[in-house]
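Everything below concerns the one structure shown next.
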Amino acid sequence: MAKMWDARFSKVENKRVNDFNSSISFDSRMFREDIEGSIAHATMLGKKGIISADDSEKIVTALRQIRSDIEDGTLPIDPEAEDIHMFVEEVLTKRIGDAGKRLHTARSRNDQVALDIRLYLKKEIGEIRELVLNLLSVIAKTAEENKDAVMPGYTHLQRAQPVTFGHYMLAYAQMFIRDDLRLKQTLERTAISPLGSGALASTTYPIDRQMVAELLGLDGVTENSMDGVSDRDFLLELAFDLSVIMMHLSRFSEEIILWCSSEFSFIDLDDAFSTGSSIMPQKKNPDIAELVRGKTGRVYGDLTTVLTMMKGIPLAYNKDMQEDKEAIFDAIDNAKLCLELFASMLDTLTVKRDNLRKSASGGFINATDCADYLVGKGLPFRDAYRVSGRLVAYCIENKTDIESLDLDTYRQFSPLFDEGVYDAVNLDNCVNRRTVYGGPSIESVERQIGIVKSYIQLQA
Ligand code: ARG
């Protein structure tokens with residue numbers, strides 16, 4: 001196909017070169033943003049008298065028609081086109097002739113593509129935030145249902161101190177709240193219009209950049225025309241935000257995978273979120289969680305791709321930057337899928353509260369509380385710690401646990417023990433005495449649930 005820019009060329013482009021150069025196979029997903037940007041640009045050109053009001057109207061009407069024709073499939077996207085910007089402009093010119101040829105006045109594809117990707121990411125950030133907020137509400141619900149389900153908390157994957165399943169869930173809620181805040185901040189730096197930067201040195205036409213930004217619902221215009229066409233920081237930021245989201249989902253997935261093993265047996269996944277084995281009839285595999293964990297590497301790869309792609313390119317636009325799209329689209333698509341499926345998986349799993357409690361009883365996770373009890377009786381913490389440690393050793397030797405010892409046995413280790421020790425090492429009490437702000441007690445967990453819920457409401 002003849003190129004719009006072929007006037008200065010004497011040879012037709014080689015087919016392989018054309019394919020190599022083309023981005024239509026992946027940037028056509030921005031057709032709405034491309035058209036929206038062109039409508040705003042044409043409207044401004046008309047209002048400023050740079051093109052006639054009549055031409056401006058013709059362009060806008062035809063662009064709207066092109067958009068609906070692409071949407072309903074009557075206008076198939078030409079895979080031979082160089083990119084979505086050229087495709088739309090070519091169709092426009094075919095349909096309305098000279099008026100169509102006036103659209104690109106005071107504009108370059110460099111500021112056009114910078115605008116399109118910003119508009120596209122703005123839309124996606126909105127959708128990703130909705131998925132994060134949905135996940136947060138599933139977490140809050142699961143926490144509410146399990147705010148008193150005592151379980152062991154771990155360090156080094158060794159049983160450490162008692163918490164509740166609710167408290168555990170709310171730790172993840174905090175991570176996803178920060179993720180959402182990051183997205184919100186990235187959006188602020190994304191929703192800025194670079195249009196008017198031209199190829200790199202802006203334009204001599206009396207354009208109104210602010211008007212275009214307002215028409216597009218953007219919050220401002222970029223300050224420097226060279227930066228306007230060269231900046232992809234906002235895209236890198238989103239790739240980073242998505243990498244952190246994936247890292248959080250991956251840690252959470254790792255817990256799910258461990259918890260549904262027979263060794264832990266803390267939860268049961270809904271059948272719809274597990275798969276069987278082709279050879280072992282007994283198997284129920286946590287594939288969804290594993291895939292989320294696996295796709296995390298892929299999203300990190302996308303971040304590395306765009307960071308590396310940007311690091312050596314001089315100002316201003318260079319074709320390298322066309323490579324930003326496949327990477328960020330891949331990161332977006334995969335993170336969205338993971339957020340959606342992970343939330344449904346969490347929503348449908350069963351918590352085996354009895355097993356959580358059994359596991360909490362078995363690991364001396366109240367040994368710190370036993371020491372704290374002696375501290376309450378006046379013993380310095382380091383001494384109390386030793387007594388409690390010797391008690392644990394005794395229990396291991398005698399295959400019992402701290403809460404099952406009789407008072408005489410306790411007294412062999414310290415005369416300070418009395419009946420009150422049973423209250424002190426009772427697992428529920430161990431949790432519920434931790435009323436410190438941010439702790440695992442029921443009242444603290446209820447407050448945390450309130451914080452998550454009001455965060456969700458404030459964003460909606
Ligand atoms: N397809 C190109 C991209 O995605 C559009 C910008 C082309 N600009 C240029 N000067 N060739 O980056």
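What you see is a predicted model, and the numbers here were worked out from it, not measured in a lab. We count ligands from 1, going down the list as the structure has it; atoms in each ligand are counted the same way. These values consider heavy atoms only, across backbone and side chains, with no hydrogens, waters or symmetry-generated copies.
- Take T164 and apply the side-chain hydrogen bond (donor to acceptor under 3.5 Å, both in side chains) test, not counting sequence neighbours, and it matches no residue.
- Taking atom 3 (C) of ligand 1 as the reference point, the nearest protein heavy-atom neighbour is Y317 OH, 3.2 Å.
- Ranking protein heavy atoms by distance to atom 2 (C) of ligand 1, first place goes to Q322 OE1, 3.2 Å.
- Salt bridge status for K15 with D19: present, with a side-chain N to carboxylate O gap under 4.0 Å.
- Scanning all protein heavy atoms for the shortest distance to atom 5 (C) of ligand 1 gives D83 OD2, 3.5 Å.
- Look at E71 and R32 and you find a salt bridge, because one of the NZ, NE, NH1 or NH2 atoms lies within 4.0 Å of a carboxylate O, short of that distance.
- Of all atoms in ligand 1, listed by their number and element, those nearer than 4.0 Å to a heavy atom of S23 are 1 (N).
- Under the side-chain hydrogen bond (donor to acceptor under 3.5 Å, both in side chains) criterion, R95 pairs with D69, sequence neighbours left out.
- A salt bridge links R29 with D333: the closest approach of a Lys/Arg side-chain nitrogen to an acidic carboxylate oxygen falls below 4.0 angstrom.
- A cation-pi arrangement is absent between R353 and F165 under the rule of less than 6.0 angstrom and at most 45 degrees off the ring axis.
- With respect to atom 11 (N) of ligand 1, the closest heavy atom belonging to the protein is R109 NH2, 3.7 Å.
- Looking only at protein heavy atoms, the nearest one to atom 9 (C) of ligand 1 is N110 OD1, 3.4 Å.
- Contacts with ligand 1 closer than 4.0 Å are made by side-chain heavy atoms of K325 only, the backbone lying farther away.
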